Protein chains: 2
Amino acid sequence: MRGKATSLDIAHLAGVSQPTVSRALRGSPMVNEETRKRILAIAEQLNYKVDKNASNLRAQQTGTLALLLFEDPTTDESHINPFFLPMLGSITRACARHGKDLLISFQQLSNDWHADYADSHKADGLILLGYGDYLAYEGKLSKLLAQGTPFVRWGAVLPDQPGLSIGCDNVGGGRLAGEHLLSLGRRRVAFLGDASSHYPEFLERYEGCDAALREAGTAMDRALQVDAESAEESGEAAAQALLSRGLPFDAVFAASDLIAIGAMRVFAEHGLRIPDDVAVVGFDDIPAARIATPALTTIRQDTTQAGELLVEKLVALVDGDAAASERLRTLLVVRRSTSAG
Amino acid sequence: MRGKATSLDIAHLAGVSQPTVSRALRGSPMVNEETRKRILAIAEQLNYKVDKNASNLRAQQTGTLALLLFEDPTTDESHINPFFLPMLGSITRACARHGKDLLISFQQLSNDWHADYADSHKADGLILLGYGDYLAYEGKLSKLLAQGTPFVRWGAVLPDQPGLSIGCDNVGGGRLAGEHLLSLGRRRVAFLGDASSHYPEFLERYEGCDAALREAGTAMDRALQVDAESAEESGEAAAQALLSRGLPFDAVFAASDLIAIGAMRVFAEHGLRIPDDVAVVGFDDIPAARIATPALTTIRQDTTQAGELLVEKLVALVDGDAAASERLRTLLVVRRSTSAG
DNA sequence: CTGAAAGCGCTTACAG
DNA sequence: CTGAAAGCGCTTACAG
């Protein structure tokens, strides 16, 4: 037998029709147990695998999900935000559990991705990851929704949002950071991150921290907020900008760990002691947070659960079942950047 | 028009036959320029995309490559070796440039992956990444080769190896490390990493360093070599083991940055000064190397070029063109772990 | 340069 | 429980 075996080859060898082979292989209950066993044995022996293209074409579905990871056009070409790495691992494992294949693509936010994957029947649904300007993004989500393409995204969970989002409880996370800093007696909390509706996750973190301070009779000071995107270089620049303002502050809440790590480097260069002069809290708990000096106190997001939920919800959407947006709990992880040894 | 548009829909609207539409869309030179334009305009307007399942089925190829990333069963479930992250980015971008889709899967080394992807026509070829016991792995490579499945792998480039490998010049990299340490006056160089044929990359790094020392009239001492896999915890354990041997050493060459970072943590806990008491050199230049304290001197592998080559070679194999294994140059990156401020 | 015909390997009514 | 028939949406000889 030359070339790959087909279901017809198996049918001949088993002395049944080709549709019976197809049924047996997919575990249809309408096939005799003995026949099934014979067919499975032959399939095994020929190392037969169902041709995905044929079965997908006929069944009009793909068994494949596509993961689209957006990068800000400004970011370095070769780097992916490390926050997404464990999520990627969790997503691939969840896909395997659900019997789905995973197509992956890294895209510029500006590209015309929204049509391609679903329209060309490469994937049944889309998982959307990436930091970036939310307002630029929202329009594309609406378009996907209008087209009827199933999708889920990771990001802020907002009211009246197109489609389905999974994100962490950013407000709660910001609150944890604020309460922790208050417990250390800090009151002048600077915020490094773009706290606007362009970056709703950052904005929610800011607001959560602010809420904690307000309950203690104080508040965040907008004069101590500096825009930054999630990258070390951006954190460095923001820290420089903050210092140059010459305003007093005794704590920094960074919108992400990368920002915090960049900022800590600048503070160290300027002779500021961490945490004595400035306590620093990040967000995400990426692996580098533990390695940084001092080790970074941060708000952990549960990326494993995030990946699992993204896949689970998308599979539900693809199957036509109901699914709703969801917020994940956050966890304060205290390290040396806020607590002296 | 309900449902997705098909090439037949376009044919009707354009007043041509369906095959002509297919030809026009794929840029066949045998179609009238004016006809083509009319067809393209209609396709654009209907937001038409070729059904991949149908075209793949007919053309008997997939336009898809599969990336299989192996993890050692011992490693933490949720973590991917950070060394592979930028390579992943480079691979996805290279795939996009070549017009290929990328399926991704994380596998246990033990799984029976070798059959699935190619046999079920999900992918035309495989990219194999992962650290792990090479000897356990080699048999599977031979099997793939025998099946005629196109594949490329990242790893040590060895003689008489099944299939095609892309790897860095580990011997040269080890030599760079050895020469650098010699230039600092260090002679007692410990090696943390499994330097055996189970981990040929590590072994080559060891041998390169040894070669450099021998040229200077000394050599590596096997009594200063401790097995370790590429993980921080493994580096910590190896450093502990090294210290407990009570032998003098003034430098450590770690087989990977993760090992080096774990080891540096242990050295610091034991009051050893880096680089004064122990100079430390890693391998890979992962992002954490720059963040570590002290920042880690290391041998950089060009992951961008690696990803591009992997895709390029695999595409050649799939197309039936010739392609050969290749070694990439390495680069010494000097940081504070070997050079005091 | 274009069309009529066949067929890739499956799944799914339909009939028995 | 099983088979004969149709068809998913393309691409590819073949004929003109």
Side-chain angles (χ1 to χ4, degrees), chain A residues 1-40 42-43 46-64 99 101 118-124, chain B residues 1-40 42-43 46-64 99 101 118-124:
Chain A
M1 180 163 318
R2 280 301 342 124
K4 308 279 182 190
T6 70
S7 56
L8 201 58
D9 297 327
I10 296 177
H12 287 150
L13 290 170
V16 297
S17 72
Q18 181 269 329
T20 298
V21 172
S22 174
R23 290 188 190 104
L25 259 25
R26 279 173 305 117
S28 160
M30 322 185 296
V31 58
N32 182 286
E33 196 45 40
E34 196 184 312
T35 313
R36 179 205 310 291
K37 278 188 183 145
R38 195 166 72 249
I39 291 171
L40 289 184
I42 296 172
L46 293 188
N47 199 16
Y48 170 79
K49 302 278 190 248
V50 173
D51 185 310
K52 279 288 173 187
N53 290 314
S55 67
N56 289 343
L57 173 59
R58 180 55 237 252
Q60 291 294 75
Q61 47 127 38
T62 68
T64 300
D101 286 318
D119 287 355
S120 56
H121 291 260
K122 290 177 186 172
D124 298 329
Chain B
M1 181 165 314
R2 278 307 337 131
K4 309 281 182 191
T6 71
S7 57
L8 201 57
D9 297 327
I10 296 177
H12 287 148
L13 290 171
V16 297
S17 72
Q18 181 270 329
T20 297
V21 172
S22 174
R23 290 189 191 103
L25 259 24
R26 277 172 306 117
S28 161
M30 322 184 295
V31 59
N32 181 287
E33 195 46 38
E34 195 185 314
T35 314
R36 180 206 309 290
K37 279 187 184 146
R38 195 166 71 248
I39 291 172
L40 289 184
I42 295 171
L46 293 188
N47 200 15
Y48 170 79
K49 303 280 189 242
V50 173
D51 185 311
K52 279 288 174 187
N53 290 314
S55 68
N56 290 343
L57 173 60
R58 180 55 236 255
Q60 291 296 74
Q61 46 128 40
T62 68
T64 300
D101 287 317
D119 287 355
S120 56
H121 290 262
K122 290 178 188 171
D124 297 328

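What you see is a predicted model; the values in this text were computed from it and never measured. Chain A is the first sequence line, chain B the second, and so forth, proteins listed ahead of strands; every chain is numbered from 1.
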Exercise for review: Mark yes or no for whether A:R26, through its side chain, and A:V21, through its backbone, hold a donor-acceptor pair below 3.5 Å.
Suggested key: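 No, A:R26 side chain to A:V21 backbone: no donor-acceptor pair under 3.5 Å.
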Check your understanding: Mind checking which nucleotides bracket the chain A contacts on DNA chain D, 5' to 3', with an atom under 4.0 Å from a heavy atom?
Key ->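 Nucleotide range in contact with chain A: D:dC1 to D:dG9.
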Review point. So what does A:S22 touch, heavy atoms closer than 4.0 Å: a base, only the sugar-phosphate, or nothing?
Key: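 Here A:S22 touches the bases of the nucleic acid.
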Review point. For the side chain to side chain donor-acceptor pair (under 3.5 Å) test, which of A:N53, A:N56, A:D124 pairs with A:T62?
Key: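 Answer to the side chain to side chain donor-acceptor pair (under 3.5 Å) test with A:T62 among A:N53, A:N56, A:D124: A:D124.
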Review point. Starting at the 5' end of DNA chain D and moving along, which residue's nearest nucleotide shows up first, A:Q18 or A:R36?
Key: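 Checking each residue's closest nucleotide, the 5'-ward one belongs to A:R36.
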Check your understanding: So which heavy atom on B:A14 is nearest to which on B:I39, and how close?
Key ->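 For B:A14 versus B:I39, the nearest heavy atoms are CB-CG1, 4.1 Å.
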Point to revise | Exercise: identify the closest heavy-atom pair between B:Y48 and B:L25 | key: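 Smallest interatomic distance, heavy atoms only, reads CE2-CD2, 3.3 Å.
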Exercise for review: Using a 4.5 Å cut-off on heavy atoms from C-beta on, say whether the side chain of B:K52 contacts that of B:T64.
Suggested key: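 They are not in side-chain contact.
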Review point. Within a strict 4.5 Å, meaning less than it, do heavy atoms of the A:D101 and B:K122 side chains meet?
Key: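 Side-chain contact under 4.5 Å: yes.
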Point to revise | First of B:T35 and A:P19 reached from the 5' end of DNA chain C, by closest nucleotide | key: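 Comparing both residues, the 5'-ward one is B:T35.
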Exercise for review: Assign each of B:E33 and B:R58 to its nearest nucleotide of DNA chain C by heavy atoms, then name whichever residue's nucleotide is nearer the 5' end.
Suggested key: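 It is B:E33 whose nearest nucleotide is closer to the 5' end.
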Review point. With the threshold set at 4.0 Å, does a side-chain nitrogen-carboxylate oxygen contact exist between B:K37 and B:E34?
Key: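 Looking at B:K37 and B:E34, the cut-off is not met.
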Check your understanding: Passes side-chain contact (heavy atoms from CB on, under 4.5 Å), B:I10 versus B:L46? Steps please.
Key -> CA-CA 8 Å; B:I10 296 177; B:L46 293 188; 4.1 Å; yes
Exercise for review: Quick one: stems involving DNA chain D, counted as three or more successive Watson-Crick or G-U pairs, both distances short of 3.5 Å.
Suggested key: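 If one scans DNA chain D for consecutive Watson-Crick or G-U pairs, the stems found are C:1-3 with D:14-16, C:5-12 with D:5-12, C:14-16 with D:1-3.
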